[in-house]
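To start, the structure under review is shown below, and the notes come after it.
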Amino acid sequence: MNPTSAASGDAIGATTSAPKILYCHCRYAQVVPANVKNDVLRRLCESQAPFEAVPDLCELSARKDPTLATLARDGAVKIAACYPRAVKWLFAAAGHPLVASQTEVLNMRTLPSAEIAEALTSGQLRPNLPLDHTPPSASASQPANNAV
Amino acid sequence: MALSDPQICVHLRDEGGPGSVSVDARFQAISALLEQGFRVAYGQPPSADGGQGADETVAVVEAKSEPDFASFPEKALRSAEAARERSGAPKPGGWLPWFPVIDYDRCTNCMQCLSFCLFGVYGVDTAGKIQAQHQDNCKTNCPACSRVCPEAAIMFPKYKSGPINGDTVSDSDLQREKMKIDISALLGGDVYALLRDRSERARSRFGKERDADKALAERQKCLTKLGEIMADVPAEVLASLPSPEQIARRAEEAKARAQQALAGT
């Protein structure tokens with residue numbers, strides 16, 4: 001097991017520069033409640049904080065969009081999308097892995113919009129990506145022979 | 001729509017200074033742009049070196065202060081559409097981004113997904129590691145491969161429930177030894193006879209999702225639906241769709257490729 005740091009959810013205090021904000025509209029599915037998405041977006045507009053909004057993070061991952069590289073490498077980032085585990089591996093699949101200590105994912109499938117918006121625009125970063133872990137190789141855990 | 005098609009990013013900036021455009025107008029503009037498939041960067045100037053992403057075309061919409069704020073969303077959308085026309089980028093919606101996302105914290109590289117997938121979504125990189133390489137081959141709403149992964153390493157972020165949607169996988173859900181499935185048995189054998197602890201499926205939350213006969217049924221549904229979609233295709237073409245026996249053979253071939261890849265690592 002090779003754990004990396006900063007996935008405990010503890011705040012690491014105000015960052016020296018404001019974290020970048022990424023909002024995913026999840027355009028191609030209805031798994032994020034529409035009222036949550038719209039309320040988060042509206043509150044971002046009200047805050048006048050700079051942010052990037054993408055129609056669908058899954059689509060960007062499949063395209064290996066270079067935007068993901070910029071977001072992943074250039075300091076702290078807060079992402080309003082879905083489950084942290086899914087977001088972590090969407091970025092990795094695109095070839096632009098997120099830095100666990102610099103990333104906070106707000107799950108619009110489970111959290112209230114007010115809480116998400118407040119977290120996005122606060123100066124504090126609460127990293128919450130799943131810890132890196134090296135699983136055993138398949139040669140060490142071959143599929144069991146289930147023959148009766 | 002190809003995954004390599006040019007993308008448009010709209011850089012939205014208040015030329016009149018913050019607050020010159022009403023929040024409503026800004027929200028409506030950004031919502032409309034997102035719904036039309038445009039990325040939006042608000043409050044950030046476009047980067048001269050493309051550092052914000054190598055966009056094929058960038059449309060800068062300056063939100064000048066104007067009496068009729070209602071026109072701002074329309075103006076933003078028109079500018080973006082004009083940029084799309086110039087770049088030749090296709091309209092959105094041509095491809096639904098449904099595809100497997102591998103959690104490499106869990107994946108053991110066993111290659112069962114490679115063997116199982118009917119549509120050639122999976123491949124192996126130069127280091128022998130399993131990858132989803134042809135995302136646009138994946139059939140929308142089919143999560144069958146995630147159900148045969150013994151490590152719960154395959155996610156579909158747009159799936160309705162966990163852990164396939166990316167929710168955490170608990171140890172109680174995952175009964176690793178008991179859920180490993182002989183793929184060749186799925187294709188031609190007695191599924192029920194070859195699964196261990198069938199009663200565990202009913203008790204395990206994840207077992208309800210990770211169900212071998214459900215996986216097989218979904219895979220067969222994909223084939224049936226192909227036939228329905230292609231109803232106007234000549235009979236001789238339909239006859240070339242894979243039969244269950246061909247599926248079994250292809251799975252064996254995929255399994256052999258996977259074993260070669262594993263042997264090489």
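With a 4.5 Å cut-off on side-chain heavy atoms, A:Leu41 and B:Ile30 count as touching. Side-chain contact between B:Asp105 and A:Trp89: present, with at least one pair of heavy atoms (C-beta onward) separated by less than 4.5 Å. Residues B:Ser31 and A:Arg42 fail the side-chain proximity criterion, which asks for heavy atoms closer than 4.5 Å. Side-chain contact check for A:Leu90 versus B:Pro157: some heavy-atom pair is nearer than 4.5 Å. Within the 4.5 Å cutoff, the side chain of A:Glu59 has no heavy atoms near those of the B:Arg39 side chain.
Using a 4.5 Å cut-off between heavy atoms, B:Phe156 makes no contact with chain A at all. At a 4.5 Å heavy-atom cutoff, the contact between B:Val40 and chain A is made by backbone and side-chain atoms alike. When heavy atoms are compared at a cutoff of 4.5 Å, A:Asn38 approaches chain B by way of both its backbone and its side chain. For A:Val54, the parts lying near chain B are the backbone and the side chain together; criterion is any non-hydrogen pair under 4.5 Å. For B:Leu33, no part sits under 4.5 Å from any heavy atom of chain A, backbone or side chain. Only the side chain of A:Leu60 has a heavy atom closer than 4.5 Å to any heavy atom of chain B. Only the backbone of B:Gln36 comes within contact range of chain A, with heavy atoms under 4.5 Å apart.
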**Asked** Checking side chain to side chain contact (heavy atoms under 4.5 Å, CB included) for the pair B:Leu34/A:Tyr23: CA distance, chi angles, key distance, verdict?
**Response** CA-CA 11 Å; B:Leu34 290 170; A:Tyr23 163 88; 3.7 Å; yes
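Taking all atoms of both residues into account, the shortest heavy-atom contact from A:Tyr28 to B:Trp95 is CE2-O, 4.4 Å. Closest approach of B:Lys158 to A:Val31, counting heavy atoms only: O-CG1, 3.3 Å.
For the atom pair CG of B:Asp167 and SG of A:Cys82, the computed distance is 10.5 Å after rounding to the nearest 0.5 Å. The distance from atom OG of A:Ser61 to atom CZ of B:Phe99, rounded to the nearest 0.5 Å, is 4.5 Å. Between the CZ atom of A:Arg109 and the NZ atom of B:Lys160 there is a distance of 10.5 Å, given to the nearest 0.5 Å.
Heavy-atom pairs under 4.5 Å with chain B peak, among A:Gln30, A:Glu46, A:Lys37, at A:Glu46. In terms of heavy-atom pairs under 4.5 Å with chain B, the best-connected choice from A:Pro50, A:Ala53, A:Ala86, A:Ala49 is A:Ala53.
Checked by atom type and distance alone, the side chain of A:Arg85 pairs as donor or acceptor with a backbone atom of B:Gly166 at under 3.5 Å. In this structure a side-chain-to-backbone donor-acceptor pair under 3.5 Å is present from A:Arg27 to B:Glu35.
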